[in-house]
Amino acid sequence: MAKEITNRSDDYSLWYNNIVKKAGLADNSAVRGCMVIKPYGFALWENMKAQLDSMFKETGHVNAYFPLFIPKSFLSKEAEHVEGFAKECAVVTHHRLMNNPDGPGVVVDPSAKLEEELIVRPTSETIIWHTYKDWIKSYRDLPLLINQWANVVRWDMRTRPFLRTAEFLWQEGHTAHATKSEAMEEAKLIHEIYARFAEDWMAMPVIKGAKSDRERFAGADETFTIEALMQDGKALQAGTSHFLGQNFAKAFDVKFSNSENKEEYVWASSWGVSTRLIGGLIMTHSDDEGLVLPPKLAPQQVVIVPIPKPLPEVMEYIKPIAEELKARGVRVKVDDNDQKRPGFKFAEYEMMGIPIRLGIGKRDMANNMVEVARRDTKTKELVSREGIAKHIDNLLTEIQAALLANAKKFRSDHTTVVDTMEEFKEVLDTKGGFIMAHWDGTTESELAIKEATNATIRCIPNDFVEEEGECVFSGNKSKGRVVFAKSY
RNA sequence: AGGGGUGUAGCGCAGUCCGGUUAGCGCACUUGGUUUGGGACCAAGGGGUCGAAAGUUCGAAUCUUUUCACCCCUACCA
């Protein structure tokens with residue numbers, strides 16, 4: 001059938017691409033590396049966005065919007081920052097086209113060359129800090145807690161739907177503070193919010209930690225990350241929050257007068273999560289039948305399928321059930337399409353990952369029952385019509401918890417403590433996952449391990465335990481274990 | 001960016017090596033009928049110029065060159 005997808009065990013990447021397409025999340029576009037996010041995929045993003053946005057606002061942040069373009073000179077003001085992004089920038093050089101004098105079509109008008117090239121933002125620190133210079137004069141202007149929902153462009157060589165696209169949607173928070181500790185607290189607060197969102201809403205457990213020097217954001221003094229484990233044993237960096245120190249304040253000369261009327265540079269944080277989260281969601285829960293969505297984020301939580309088709313008497317039985325569910329705030333869809341048969345619809349909704357499907361026919365009416373099918377376990381049960389809405393409501397909560405529990409179990413089954421490079425390689429080759437190993441803290445050892453195994457340090461975990469040991473690579477003294485994995 | 005692979009109808013594919021008349025198949029789609037508790041069946045239809053461009057040839061999906069896109073493995077990165 002047209003809807004079949006590759007099994008995960010046969011080809012995980014192909015399976016992933018199949019899910020994205022067949023579940024109707026996204027399509028390739030005419031533009032290299034850029035995807036079209038289809039309504040179903042976008043609905044998922046809107047749900048994530050709504051929740052994150054409210055979490056940001058609850059903690060005092062406000063939204064604003066800064067330009068898509070950044071003057072080239074801005075980018076180079078912070079040395080590490082430009083170094084990190086220079087290789088992947090889209091550059092606007094002209095502002096006009098003209099009819100092709102030598103044939104059909106249009107060509108770039110050479111007389112319309114820009115005085116200074118514009119960079120399509122790969123991230124907005126520079127344009128925002130340039131702006132903050134005008135906004136911040138006094139300690140009374142601080143803190144400045146601003147977020148923007150935007151698109152950015154990073155010209156990556158190899159793209160994959162949601163995980164890495166040339167253009168992607170994200171939010172980027174940019175905050176300014178009077179003190180170092182306040183900026184650090186902000187970065188940690190957001191780190192915490194990201195982790196909470198991942199676990200409570202996406203049912204995707206994450207390891208919270210700090211990046212090593214080598215993996216740190218270009219221009220940051222400290223990068224906090226949440227790292228999730230995908231079903232194929234690879235890690236996904238799902239969100240980062242950066243303590244920027246005074247780097248951008250110094251680069252853009254942003255100073256404020258403190259209460260003693262002394263000038264100081266502003267302290268900063270920046271943080272972001274992107275549509276990549278959708279990729280993480282797919283690779284945390286879905287199976288060979290298709291997408292599996294956590295109820296809290298599913299665009300539709302319940303679908304009701306009349307069996308064998310939407311006969312008037314069956315629809316009469318269904319209608320109040322749907323109403324009761326809606327009254328409880330459940331996102332429910334009644335499928336009244338009379339062209340497709342139930343079996344076809346079942347497969348379709350399984351592909352779309354709708355958490356609960358109710359199958360209702362005359363037989364159920366006669367028995368005063370409802371057939372309840374769970375997407376995550378693929379189990380079905382007959383439930384009494386009385387109190388069905390409450391039952392479903394509870395079941396949604398149960399499914400949300402089950403998905404998280406499963407993902408946690410998978411993660412603990414795929415987290416291995418190793419003490420030698422041999423073990424390290426062996427684990428990586430056989431089951432993958434997170435590897436807890438001693439590391440001496442040097443970039444040299446980190447690079448050498450990457451060279452030998454392709455695994456990188458995902459993070460120095462927040463729950464880092466002080467423990468005497470020897471670096472798996474160098475044998476030098478180590479203060480504790482850090483998290484290694486191959487990553488997306 | 002280096003290596004490998006693939007582009008033929010909405011999807012999945014055959015045909016390409018050994019050029020030859022209107023380019024095939026399954027699913028999907030349209031119409032009619034029969035069906036209907038896990039992807040229905042029968043019949044009749046519609047749709048592609050073979051990723052794009054240039055070339056070789058009497059003749060190109062098929063050969064040559066260029067180019068674009070996508071996929072996989074590296075490298076780079078959210």
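For clarity, every value in this text was computed on a predicted model and none was experimentally measured.
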Both distances below 3.5 Å, Watson-Crick or wobble geometry, any strand: find the nucleotide opposite [N].
N	answer
B/U6	B/A69
B/G59	none
B/G32	B/C42
B/C17	none
B/C25	B/G12

Ring centres under 6.0 Å, that's the criterion: do [X] and [Y] meet it?
X	Y	value
A/Phe484	A/Phe424	yes
A/Phe248	A/His81	yes
A/His61	A/Trp271	yes

Could you work out the separation of [N] and [M] based on their [atom1] atoms and round it to a whole Å?
N	M	atom1	value
B/A28	B/G47	C1'	12 Å
B/C50	B/A9	C1'	10 Å
B/U21	B/C58	C1'	14 Å
B/G59	B/G19	P	16 Å
B/U16	B/G51	C1'	16 Å
B/C76	B/A61	C1'	37 Å
B/U8	B/C63	P	16 Å
B/U36	B/C42	C1'	16 Å

So if I take every side-chain heavy atom of [X] and compare against [options], which nucleotide ends up nearest?
X	options	result
A/Lys380	B/C76, B/G38, B/G37	B/G38
A/Phe344	B/U74, B/G39, B/C71	B/G39
A/Arg357	B/G38, B/C76, B/G37	B/G38
A/Arg341	B/C73, B/G38, B/U36	B/U36
A/Lys309	B/U36, B/G38, B/C73	B/U36
A/Glu350	B/G38, B/C76, B/C71	B/G38
A/Met157	B/C76, B/A1, B/G39	B/A1
A/Asn28	B/C70, B/C76, B/A1	B/C70
A/Glu348	B/U36, B/G37, B/G39	B/G39
A/Lys22	B/A40, B/G38, B/C11	B/C11

Kindly assign one of parallel, tilted or perpendicular to the pair A/Trp267 and A/Phe243, based on the angle between their ring planes and the thresholds 30° and 60°.
-> parallel
Could you tell me whether [X] contacts a base, only the sugar-phosphate backbone, or nothing, with contacts defined as non-hydrogen atoms closer than 4.0 Å?
X	answer
A/Thr159	sugar-phosphate
A/Phe168	base
A/Gly280	nothing
A/Ser274	base
A/Asp364	base
A/Leu163	base

A/Gln51 and A/Lys296: side chain donor to acceptor below 3.5 Å | no
Can A/Asn151 and A/Arg121 be counted as having a side-chain donor-acceptor contact under 3.5 angstrom?
-> yes
Select from A/Pro161 and A/Lys87 the residue whose nearest nucleotide in RNA chain B is closer to the 5' end of that strand.
->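 It is A/Pro161 whose nearest nucleotide is closer to the 5' end.
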Rounded distance in Å - [atom1] ([X]) to [atom2] ([N]):
X	N	atom1	atom2	answer
A/Lys362	B/U36	NZ	P	11 Å
A/Gln237	B/C76	CD	P	15 Å
A/Asp27	B/A69	CG	P	18 Å
A/Tyr12	B/C73	OH	C1'	18 Å
A/Asn337	B/U36	CG	P	18 Å
A/Lys340	B/G38	NZ	P	18 Å
A/Glu451	B/A75	CD	P	8 Å
A/Arg32	B/G51	CZ	C1'	17 Å

Give me the one residue out of A/Asp221, A/Asn247, A/Thr225, A/Thr223 that meets side chain to side chain donor-acceptor pair (under 3.5 Å) with A/His242.
-> A/Thr223
Taking all non-hydrogen atoms of both residues into account, name the closest pair between A/Asp156 and A/Glu88 and its distance.
->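 Of all heavy-atom pairs spanning A/Asp156 and A/Glu88, the closest is OD1-OE1, 3.6 Å.
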Does the side chain of A/Asn454 get closer than 4.0 angstrom to OP1 or OP2 of B/A75 through an N or O atom?
-> yes
Verify the contact: side-chain N or O of A/Lys21 to OP1 or OP2 of B/C70, cut-off strictly under 4.0 Å; return yes or no.
->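 No, outside the criterion.
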